[in-house]
Amino acid sequence: MSVPIVRTVAELRTVVAGWRRSGASVAVVPTMGALHEGHLSLVRAALQQADQVIVTLFVNPKQFNSAADLTAYPRTENQDAAKLVPLGAHLLYVPDAEEMYPAGFATTVSVAAIGESLCGAFRPGHFDGVATVVAKLFLQTGADFAFFGEKDFQQLQLVRRMVKDLDIPTTVVACPTVREVDGLALSSRNVRLSPAERAIAPKLASVLVETAERLARGGPLLATLAEARAATLAAGYREVEYLELRGEADLQPMTSVDRPARLLVAAWLGDTRLIDNVTTSPIGSTN
Ligand code: PAF
């Protein structure tokens with residue numbers, strides 16, 4: 001058994017048109033491959049929602065800031081395809097860079113504000129690359145539903161904003177972050193951690209959870225965030241790029257937990273950049 005693979009927009013459109021003729025609904029799970037349980041949870045959710053599920057696998061050069069990072073990104077198509085078989089995904093779409101960005105390609109999708117802060121401030125151009133490729137994947141697949149993990153919360157909100165602004169008829173579905181038993185959020189980058197770093201890594205999630213609880217109980221914002229950054233560094237992280245409280249829906253800065261919020265972090269552990277986030281709401285809120 002194997003998952004059918006298509007590599008061109010034309011082949012993809014032919015398959016989807018056949019599904020549409022039989023009245024099937026279609027979901028897409030965009031990925032860059034190196035599939036782990038977090039990705040597979042998105043595929044399972046998509047299979048619950050739609051008749052036909054396309055998993056896309058494209059290491060998008062436009063969202064990498066460094067050529068070295070792009071080269072080092074794992075490419076594991078055969079293993080990825082094998083992982084999808086027992087789940088029952090219907091199609092794997094694996095375009096190459098020439099198919100996605102043919103000679104003369106000149107369009108960039110840019111989502112202001114959401115794309116410029118947090119990770120966007122440290123990875124210039126990253127979210128333009130994400131928005132551009134996701135817009136293309138939505139238009140190429142014509143999917144009714146698209147599944148994204150909350151682990152990349154800023155990316156999720158950016159895609160939601162883009163879909164709304166551009167009237168793209170794809171419903172974005174968010175799925176919870178999948179974690180190791182010790183709390184570390186699953187990420188393709190975790191394999192880069194040395195055993196010593198792997199032992200330290202879950203501290204990021206525990207600092208977030210403790211900080212979110214303190215803030216929800218009314219803890220002073222600036223002091224509580226400063227202590228969280230200090231605790232992350234004390235645990236062995238080399239640098240905290242940001243550890244911030246933002247509005248859940250708009251990712252705007254907040255001065256207190258007076259509405260549903262996200263606590264978001266990006267930090268370097270050795271040479272590996274990890275991100276994570278947790279939700280927090282005012283105590284007593286029903287949200
Ligand atoms: O989250 C990812 O893996 C990528 O940013 C995405 C959404 C597949 C776009 O390349």
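Whatever order the structure lists ligands and atoms in, that order sets their numbers, starting from 1. If you're wondering where the values come from, they're calculated on a predicted model, not measured in any experiment. Heavy atoms only: backbone and side chains are in, while hydrogens, waters and symmetry mates are out.
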**Prompt:** For ligand 1, which atoms sit closer than 4.0 Å to a heavy atom of Pro30?
**Reply:** 8 (C)
**Atom indices of ligand 1 within 4.0 angstrom of Thr31 heavy atoms, with elements** = 8 (C)
**Leu166, Ile168, Val133 screened by side chain to side chain contact (heavy atoms under 4.5 Å, CB included) with Phe138, the one that passes** = Ile168
**Prompt:** Tell me: protein heavy atom nearest atom 1 (O) of ligand 1, and distance?
**Reply:** Gln155 NE2, 2.8 Å
**Asked** Taking 4.0 angstrom as the limit, do Asp152 and Arg262 come out as a salt bridge?
**Response** no
**Request:** Identify, by atom number and element, the atoms of ligand 1 in contact range of Val133, meaning under 4.0 Å from any of its heavy atoms.
**Result:** 9 (C), 10 (O)
**Asked** Do Arg160 and Asp250 meet the salt-bridge criterion of a basic N to acidic O distance under 4.0 Å?
**Response** no
**Asked** Looking at atom 10 (O) of ligand 1, what's its closest protein heavy atom, distance included?
**Response** Gln63 OE1, 2.6 Å
**Request:** In sequence, state the C-alpha distance, the side-chain angles, and the governing distance for Asp144 and Arg20, and then conclude on salt bridge (charged side-chain N to carboxylate O under 4.0 Å, His left out).
**Result:** CA-CA 11 Å; Asp144 304 297; Arg20 291 299 190 190; 2.8 Å; yes
**Prompt:** Under 3.5 Å, is there a donor-acceptor pair between the Ser25 and Gln52 side chains?
**Reply:** no
